[in-house]
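Below is one structure; the comments refer to it alone.
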Amino acid sequence: MTPRISGLVSGVLAALSLPPFHLWPLVFVALVPLAFTLAREGVTRADASWAGVGFGAGFYGLLLHWVPFTMSGIVPLGWLIGSLGVFVLVGVAGLQGVLLWELLRRRSRGSSAPVLILPAIWVTVEWFLAAAGPLAVPWTPLGLALAPAPEVASVAEWVGVRGLGLWIATVNGIFVVAARAPSARLGAGWSGVALLAFLLPSSAGTIRTATLELEALPAILVGRMTLDRTVLLDPERRDLQVSRALTRMAEDAGEAVSLMEPSLRPVVALLPEAPFGSTMDGEVEEELMKVARTLGMPLLAGAHVVGARGRENAIVLLEDSRGSRIVHGKRRLVPGVERPGLVPGEPGSVLDLGGVGLAFAVCFESAFSSDVRALRRAGADLLVNPTNDAWYSPRLPGGLSAAHHQHRAHLVLRAIETRMGAVRSPLGGELLVVAPTGRITRALPPGGEGFDLVNPSGSSVVPMYVRTGDLAGPFAALLLLGLLAGGRSRSPSGRTRDVALRAT
């Protein structure tokens, strides 16, 4: 297999393991073809670069094909900007290929170096992509593959999503050593080690999930709305349809709530991310306040607000007796879409309503594990995730795009990492309720309208990952620096060996 083909095969295998394909076991072997080929003699730096590009094309091409489609029409030259973003990531993968080749060529054929090299490179790159400031893209880490198997992903409670990446890449590295072993017996032994490295954490996670004690949290009314993508691009039509929908939703839910026993009534109602295209001026605020009065409870609503620094994407709390106030400003703005039109807001602290501590992650913010971890550490019991997913295109069978599936997976991993429940209020997406185990306890597909009564769960457990933070990312970076600083391995005769300098 040529380097280019091996890179493409690895990229496709890795992509198929992540949402929307959900073939998660493949992630534990996906990197093997690429690393095995780059470790062969005769492979050049150019070969390695093209192998990395092949990986990026297969991986990002399949997983992020929706980005140009989604950005088209939202911003000028949206298709081009979205495509350039994907091409940049493919280029990063090309650099990964060169780095992998450089480290592998320093080691002898029988070396176990891939066990360290693969996790060092892959997790370091994921860490930097997640920490790139306004351009951060933490969207497709290897650990995202395990979201459909929350029992297996349960080790994220201790190490976070990048710790999952370390584990996955390490198992891949052991399989590479097995494939390069000089004898079948030794290869079988290393394969057994790889299986054991997979089974032990998986078993620990399964036991943990089965024994985690959950606590019932107060009921919440979660709103969901549907708007056509073309309507989102027309502010007047958007606001008119949203106004009519909110009136219907509030009247139906208000009547149902009034018939409930007082002790069973929800403590708050939740609306999606910025359903109105207009900023929250007097008219929009009055419409939202009217919804709160009809429901007879506080209302959390997404809205664009104009502050001293500019227009923000915020979550506003509206109470009939106390007026309105901003409780969270979206800080993680989508690159190329929300900038420069919006400015980063001020993230809110934990909001205590009805005895439950609410934390907020607006749409894309659910991809940032460090932000959610900090909120859990501050005392949050429930993660609230208002979204606007109506932009996502193209749609797959079932009415969801690849982005919907990936967005869901991020929310699942945040629940596992922090062991708090999560609810999503969607505009054109899925209504979701996720337990602290990572299991989805309720899911309503796009296309509906109304307020749904949900009963989320929580947990008193404050996981190790919440207390220590992301140690896997810095560890991988330090490991990579150590590998780069280290000299080439030596043969038994004491000479430096370079197994890839010459073709056989």
Side-chain angles (χ1 to χ4, degrees), residues 1 3 6-7 9-11 13-14 17 27-56 59 92-129 141-143 159 162-182 186-187 189-191 193-194 197-198 471-491 496-501:
M1 189 183 297
S6 67
V9 169
S10 277
L13 288 175
S17 68
V27 78
F28 288 96
V29 296
L31 304 180
V32 174
L34 173 64
F36 178 79
T37 301
L38 294 188
R40 292 188 326 209
E41 296 184 13
V43 177
T44 66
R45 179 177 279 105
D47 291 333
S49 176
W50 281 112
V53 168
F55 177 90
F59 186 68
V92 171
L95 295 176
Q96 282 179 277
V98 173
L99 195 56
L100 178 59
W101 170 80
E102 176 63 33
L103 290 177
L104 287 172
R105 69 192 289 267
R106 299 181 181 187
R107 309 295 167 174
S108 65
R109 178 176 174 79
S111 171
S112 59
V115 178
L116 298 178
I117 293 172
L118 281 174
I121 292 174
W122 248 262
V123 177
T124 298
V125 171
E126 288 183 1
W127 186 45
F128 275 105
L129 286 176
L142 290 179
V159 294
R162 262 165 287 288
L164 293 182
L166 275 177
W167 173 35
I168 291 167
T170 298
V171 174
N172 274 270
I174 299 173
F175 275 123
V176 173
V177 174
R180 299 179 66 225
L186 191 57
W190 277 108
S191 296
V193 173
F198 164 73
L471 299 180
F475 171 79
L478 289 174
L479 177 60
L480 180 58
L481 289 175
L483 291 170
L484 290 171
R488 295 171 180 150
S489 63
R490 294 184 176 273
S491 66
T496 297
R497 295 187 63 188
D498 191 338
V499 300
L501 285 179

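We count residues from 1, following the sequence as given.
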If you define the side chain from C-beta out and look only at heavy atoms, does anything of [X] sit under 4.5 Å from [Y]?
| X | Y | value |
| --- | --- | --- |
| L118 | T170 | no |
| F128 | V125 | no |
| V176 | L104 | no |
| L480 | L103 | yes |
| L479 | T124 | no |
| E102 | R45 | yes |
| F175 | F36 | no |
| L34 | L100 | yes |

Of all heavy-atom pairs between [X] and [Y], which one has the smallest distance, and what is that distance?
| X | Y | result |
| --- | --- | --- |
| W190 | I174 | O-CG2, 3.3 Å |
| W167 | A197 | NE1-O, 2.8 Å |
| A14 | F59 | CB-CD1, 3.6 Å |
| R40 | P3 | NH2-CD, 4.4 Å |
| V123 | L166 | CG2-N, 3.4 Å |
| G163 | A472 | N-CB, 3.5 Å |

- May I ask you to decide if A476's main-chain N or O and R162's side chain share a donor-acceptor pair within less than 3.5 Å?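 No.
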- Going by the angle between their ring planes, with limits at 30° and 60°, are W122 and F55 parallel, tilted or perpendicular?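 Because their plane-to-plane angle is over 60°, the rings of W122 and F55 count as perpendicular.
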- Atom CG of L484 and atom CG of L99: how far apart are they, to the nearest 0.5 Å?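 Here the rounded value is 5.5 Å.
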- Atom OG of S17 and atom CD1 of I168: how far apart are they, to the nearest 0.5 Å?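 Nearest 0.5 Å value for the OG-CD1 distance: 7.5 Å.
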- Contacts of F475 meeting ring-ring contact (aromatic ring centres under 6.0 Å, His included) (sequence neighbours excluded), chain-then-number -> none
